[in-house]
Number of protein chains: 2
Amino acid sequence: MLTADDWAILRTSAILRDLPRADLAALVDERSVRSLERGHVLFQQGDPARAFFLMLGGQVKLSRVNPGGDEAVVHIYGAGESFAEAAMFLGGRYPVAAEAVVASRVMLIESDALRRKVAERPEIAFAMMASMSRHLKVLVDQIEKMKLLSADQRVAEFLLGLCGEKTGAVALSLPHEKSLIANRLGMKPATFSRAIARIRDLGVEVTGNQASIRDTAVVLAFVNRSAEE
Amino acid sequence: MLTADDWAILRTSAILRDLPRADLAALVDERSVRSLERGHVLFQQGDPARAFFLMLGGQVKLSRVNPGGDEAVVHIYGAGESFAEAAMFLGGRYPVAAEAVVASRVMLIESDALRRKVAERPEIAFAMMASMSRHLKVLVDQIEKMKLLSADQRVAEFLLGLCGEKTGAVALSLPHEKSLIANRLGMKPATFSRAIARIRDLGVEVTGNQASIRDTAVVLAFVNRSAEE
DNA sequence: AGCTGGCCTTGACTTAGGTCAAGCAGCCTC
DNA sequence: GAGGCTGCTTGACCTAAGTCAAGGCCAGCT
């Protein structure tokens, strides 16, 4: 079922926002919605890519798993975001796996239908390219952070990211399980836990999934401090 | 000056290949070509992004530099590849810096002109999206490798990548300075050097910029071996 | 030829982060 | 409320990779 909230999300999503209502209706209907319980695998890496997805609610992680079973979380998407657009162009296979990390609802949009729409409405192409560019930038950011920041700095940086525009003293809640955040940041749960303990003297307090920062400026200075100084 | 070779490259580049000659001529001319000596900085991160680039020859690295001066190489492009398409869509700033690592020639293509072309010829949009998808996948691969593979495995994997389709006994030459490769793989030159020494017993020999692999299958098995086994 | 300046390698040492495992706190079920 | 999950923290220990610094090897100059 497509609720009013769902429509609101479709209308604000970067990719579909510019589509006239009639075109949108041609692309999606209530059968396109998938409800996923926690742990449900939307697709495996290597599966044929016949659709891309728009998050209506919940959280889905994209990850790579190697033969030995170790997992690398590439990104976690929440309501309003879209993912796997790129797979439409990559020889038809998903290069990552997608799994719901909490109960979620996603809208599935067929690649073929979308391709046809794009051909007839170039402005969607721009929207898609913009979306892919953002994904690209997120990944570049992630690579930079993995290479240049310590575990403590990555954790601090992650918390800062959660503050959004807010500065000064901020209270916030962690969006995912800690072990999932740890993986996203490229470290083990134990290291994450210790990192939290170590940055406590920067005025960062975490209990359960509630966190508080005494002064974002202090944390920012810590993140920007490079290794040698 | 646009040589015949240059035209050949334009004609095979993923993005411009499908453009009729007349449209192509409207986009590029000999004034679009930039010759860069080694070390020349094409753009800094944060510069306004008014163009994207197509490599005609040589090598250009994209990297992030943090305030302390540490550098994270994100990717290195060679002849025929294009980069910075995404910047056209990211609020007009390059999120990385581009620097020639050897003397190079690049073709500069104005964002505005290309946007207009895309609007009038949707098939270019598909080509661009395909190109961006490939970049996306390269980055995902890189993140996975950084998180899941040891330094030795990353070096081995890198060498395998240079083999292309060839299997069995392969001889090859390193495409860049070792310190640059090291950075691309997310390690220090010293670590790279030691990694090479350690994988010698897999039948990998490197002297200067010449390398040889006795049996790619052995190396592949080593790369795919996960941490615990 | 001899000098100079980049790279690269190697050695000795340090350290961040991983590993393994034990305890502990919530939370759900019965 | 007892039992058992599941996820988090903490401690003791280990190891991969970074750091620092000394040599070595070219390649390009003069």
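Naming: A, B, ... by sequence-line order, numbering from 1 per chain.
Residue pairs meeting the side-chain hydrogen bond (donor to acceptor under 3.5 Å, both in side chains) criterion with at least one partner in residues 182-203 of chain A, sequence neighbours excluded, are A/Asp152-A/Arg198, A/Arg200-A/Glu205. Evaluation of the ring pair (Phe, Tyr, Trp, His ring centres under 6.0 Å) test over residues 133-154 of chain A, restricted to residues two or more places apart or in two chains, returns A/Tyr77-A/His135. Residues in residues 34-50 of chain B take part in these side-chain hydrogen bond (donor to acceptor under 3.5 Å, both in side chains) pairs, two or more places apart or across chains: B/Arg38-B/Glu177. Counting only residues at least two apart or on different chains, the side-chain hydrogen bond (donor to acceptor under 3.5 Å, both in side chains) pairs with a member in residues 154-172 of chain B are B/Lys145-B/Glu157.
Under the ring-ring contact (aromatic ring centres under 6.0 Å, His included) criterion, A/Phe89 pairs with no residue at all, not counting sequence neighbours. Checked against side-chain hydrogen bond (donor to acceptor under 3.5 Å, both in side chains), B/Glu99 has no partners two or more places apart in sequence or in another chain. Contacts of A/Gln142 classified as side-chain hydrogen bond (donor to acceptor under 3.5 Å, both in side chains), with partners at least two apart in sequence or in another chain: none.
The CG-P distance, from B/Asp70 to D/dG18, rounds to 12 Å in whole Å. Rounded to whole Å, atom P of D/dA16 lies 18 Å from atom CG of B/Leu185. For B/Glu71 and D/dG18, the CD to C1' distance is 17 Å, given to the nearest whole Å. C/dG6 atom P lies 17 Å from atom CG of B/Leu180, rounded to whole Å. Separating the CE atom of B/Met146 from the C1' atom of D/dA17 is a distance of 12 Å, rounded to the nearest angstrom.
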**Request:** Treat primed atoms plus P, OP1 and OP2 as sugar-phosphate and everything else as base, then score nucleotides 9-18 of chain C 5' to 3': B for base contact with protein heavy atoms under 4.0 Å, S for sugar-phosphate contact only, - for none.
**Result:** SBBB----SS

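Remark: the B/Ser131 side chain and the B/Glu85 side chain contain an N/O donor-acceptor pair separated by less than 3.5 Å.
The end-to-end axis angle of the helix from C/dA1-D/dT30 to C/dC30-D/dG1, rounded to 10 degrees and based on five pairs per end, is 30°.
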